[in-house]
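Below is one structure, written out as structure tokens; comments come after it.
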Amino acid sequence: MYPARFRYEAPRSLDEALDLLRTYGDGAKVLAGGQSLIPMVKLRFASPEMLVDINNIPSLDYHREETGGTLAVGALCRHVDLEHSVLLGERRPLMVSAAPLIADPIVRNRGTLVGSLCHADPQGDWASVMLALDGEIVAVSAAGRRVIPMSDFVTGPFQTALLPGELAIEARVPAPKGTPAGRYLKLERRVGDFATVGVAVAVETSGGKVTRAGIALTGVGPNNIKVVEAEQVLVGNALDAATVEEAARLAAEAAKPRTDHRGSAAYKRHVVRTFVVRALESSVLVAA
């Protein structure tokens, strides 16, 4: 199928891009990696009036650690940049675990973390990672700049809190305050497929107890799900067998899967529980 007709602009500055977005409003779509947008346009699931290609805007392809330890990821930082990053290292184990599991090498070479978050696919891996890490999105418009917590950013399937005329330019992850551990586990029918179930787990420990916890689920609901109840069970406690099992039970209960060709709802809940246990058990070794 061929896409509907649209205008195309490739601005060379952020101000120029914002002018286009302000002019076209809801009729504009932003192109960064295009690994999600282009197929949707070709299938006419999306029919933008204007396609704003931001790849010529300089200085958006970074990922860097800022003063205080916050990790900033620019809108043009590719998945492959994070996959091979030495900066993430031991301080961002969940991101290190997730980056090689994003789609396939072809997609990782062009796709971007920020673009994935803005696409807001319920089966998107990075959204769960950012939820588990209490990440934020920085958006700019002609009216100024605002920071949106990841927990407020996705408002529904393929829907975000971005307003007409706004451009997401950066994702931010706060610095760990304790010893960080984390893992992303993903069940897929074949390499590069969307997740049947994905689980992101991030914990920080100090003195043998969890000081911060994040658990988020992929592909088992209309949105990525942040499991606050399970996080609360972990904080203040050691990662013993009883605590791990209770967190896993609560995560499975929070899942909202549907039975489909990938598996039954009961099966998907079982996978959620199993993955949470595995991720937390691997974190015990770090905490020790």
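Treat the numbers as computed from the prediction; the structure is a model and nothing was measured.
With rounding to the nearest 0.5 Å, the separation of CG in D81 from CG in L87 is 11.5 Å. Note that OG1 of T211 is 9.5 Å distant from NZ of K177, once rounded to the nearest 0.5 Å. A distance of 9.5 Å separates OG of S141 from CG of L167, quoted to the nearest 0.5 Å. The CG atom of L14 sits 9.0 Å away from atom CG of L21, with the distance rounded to the nearest 0.5 Å. Separation of atoms CD1 (I148) and CG (L163) is listed at 7.0 Å; rounding is to 0.5 Å. Atom OG1 in T112 sits 7.0 Å away from atom CD1 in I54 (nearest 0.5 Å).
The two atoms that bring V277 and A248 nearest to each other are CG2-CB, 3.5 Å, heavy atoms only. Nearest heavy-atom pair across S47 and A4 is OG-CB, 4.3 Å. Closest of all the heavy-atom pairs between R183 and A279 is CB-CB, 4.2 Å. Residues A195 and T218 approach most closely at CB-CG2, 4.2 Å, considering heavy atoms. The shortest heavy-atom contact between Y184 and L101 is O-CD1, 3.6 Å. When all heavy atoms are compared, the tightest approach of A254 to V227 is CB-CG1, 3.8 Å.
Using a 4.5 Å cut-off on side-chain heavy atoms (C-beta onward), H79 and S116 make contact. With a 4.5 Å cut-off on side-chain heavy atoms, K29 and M40 do not count as touching. You'll find the side chain of L31 reaches within 4.5 Å of the side chain of I38, heavy atoms only. Looking at heavy atoms from C-beta onward, T196 lies out of side-chain contact with V271 at the 4.5 angstrom threshold. For the pair F158 and H119, the minimum side-chain heavy-atom distance is below 4.5 Å. Between M130 and F153 there is no side-chain heavy-atom pair separated by less than 4.5 Å. Put simply, the side chain of M95 reaches to within 4.5 Å of the side chain of L113, judged on heavy atoms. Looking only at side-chain heavy atoms (C-beta outward), L280 and V276 come within less than 4.5 Å of each other.
In this structure a side-chain-to-backbone donor-acceptor pair under 3.5 Å is missing from T243 to L239. Of the possible donor and acceptor atoms, none in the side chain of R64 sits under 3.5 Å from a partner among the backbone N and O of A72. Checked by atom type and distance alone, the side chain of D152 never pairs as donor or acceptor with a backbone atom of P149 at under 3.5 Å. T160 places no side-chain N or O within 3.5 Å of a backbone atom of C118 that could act as its donor or acceptor partner. Under a 3.5 Å cut-off, the side chain of T259 and the backbone N or O of A265 do form a donor-acceptor pair. Looking at R269, its side chain never comes within 3.5 Å of a backbone N or O of E253 through a donor-acceptor pair. Remark: side-chain polar atoms of T70 are not paired, donor with acceptor, to backbone N or O of E66 under 3.5 angstrom. Between the E231 side chain and the I215 main chain, a donor and an acceptor come within less than 3.5 Å of each other. Side-chain atoms of N55 come within 3.5 Å of backbone N or O of A32 as a donor-acceptor pair.
Clustering ILVMFWY residues whenever any of their side-chain heavy atoms sit less than 4.5 angstrom apart, transitively, puts V140 in the very cluster that holds V147. At a threshold of 4.5 Å between side-chain heavy atoms, the hydrophobic network of Ile, Leu, Val, Met, Phe, Trp and Tyr places Y24 and L18 in one connected group. V210 and V233 are not part of a single hydrophobic cluster, where members link through side-chain heavy atoms under 4.5 Å apart. Cluster membership for L185 and V272, using ILVMFWY side-chain heavy atoms within less than 4.5 angstrom, is shared. In the hydrophobic cluster analysis, where Ile, Leu, Val, Met, Phe, Trp and Tyr join through side-chain heavy atoms closer than 4.5 angstrom, V114 is grouped together with L82.
Tested against R108 for a side chain to side chain donor-acceptor pair (under 3.5 Å), the candidates H84, E83, Q35 yield a single pass: E83.
Surrounding CZ of F45 are at most 12 heavy atoms belonging to other residues, nucleotides or ligands under 6.0 Å away. The neighbour count for R12 CZ, taken as heavy atoms of other residues, nucleotides or ligands under 6.0 Å away, does not exceed 12. By the 6.0 Å contact criterion, CZ on R91 is enclosed, its count of non-hydrogen atoms from other residues, nucleotides or ligands being greater than 12. Annotation for Q159: atom CD counts as buried by contact number, over 12 foreign heavy atoms lying within 6.0 Å. A 6.0 Å sphere centred on CZ of R145 holds no more than 12 heavy atoms belonging to other residues, nucleotides or ligands. Around atom NZ of K226, more than 12 heavy atoms belonging to other residues, nucleotides or ligands sit under 6.0 Å away.
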side-chain contact (heavy atoms from CB on, under 4.5 Å) assessment of M150 paired with L117: CA-CA 9 Å; M150 189 62 208; L117 299 177; 3.9 Å; yes

Residue pair Y267, R262: steps toward the side-chain contact (heavy atoms from CB on, under 4.5 Å) verdict: CA-CA 10 Å; Y267 169 69; R262 298 172 187 267; over 6 Å; no

R212 vs D134, side-chain contact (heavy atoms from CB on, under 4.5 Å): CA-CA, chis, key distance, verdict: CA-CA 10 Å; R212 187 202 158 278; D134 290 333; 3.1 Å; yes

side-chain contact (heavy atoms from CB on, under 4.5 Å) evaluation trace for L133 with L94: CA-CA 8 Å; L133 293 171; L94 175 55; 3.9 Å; yes

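Taking 4.0 Å as the cut-off between side-chain N and carboxylate O, E245 and R273 count as a salt-bridged pair. A salt bridge between R249 and E246 is present, with a side-chain N of the basic residue lying under 4.0 Å from a carboxylate O of the acidic one. In this structure, D15 does not pair ionically with R22, as no charged nitrogen and carboxylate oxygen lie closer than 4.0 Å. Electrostatic pairing of D260 and K268 counts as a salt bridge here, judged by a charged N lying under 4.0 Å from a carboxylate O.
Checking S128 against N224 by side-chain atom types alone, a donor-acceptor pair falls below 3.5 Å.
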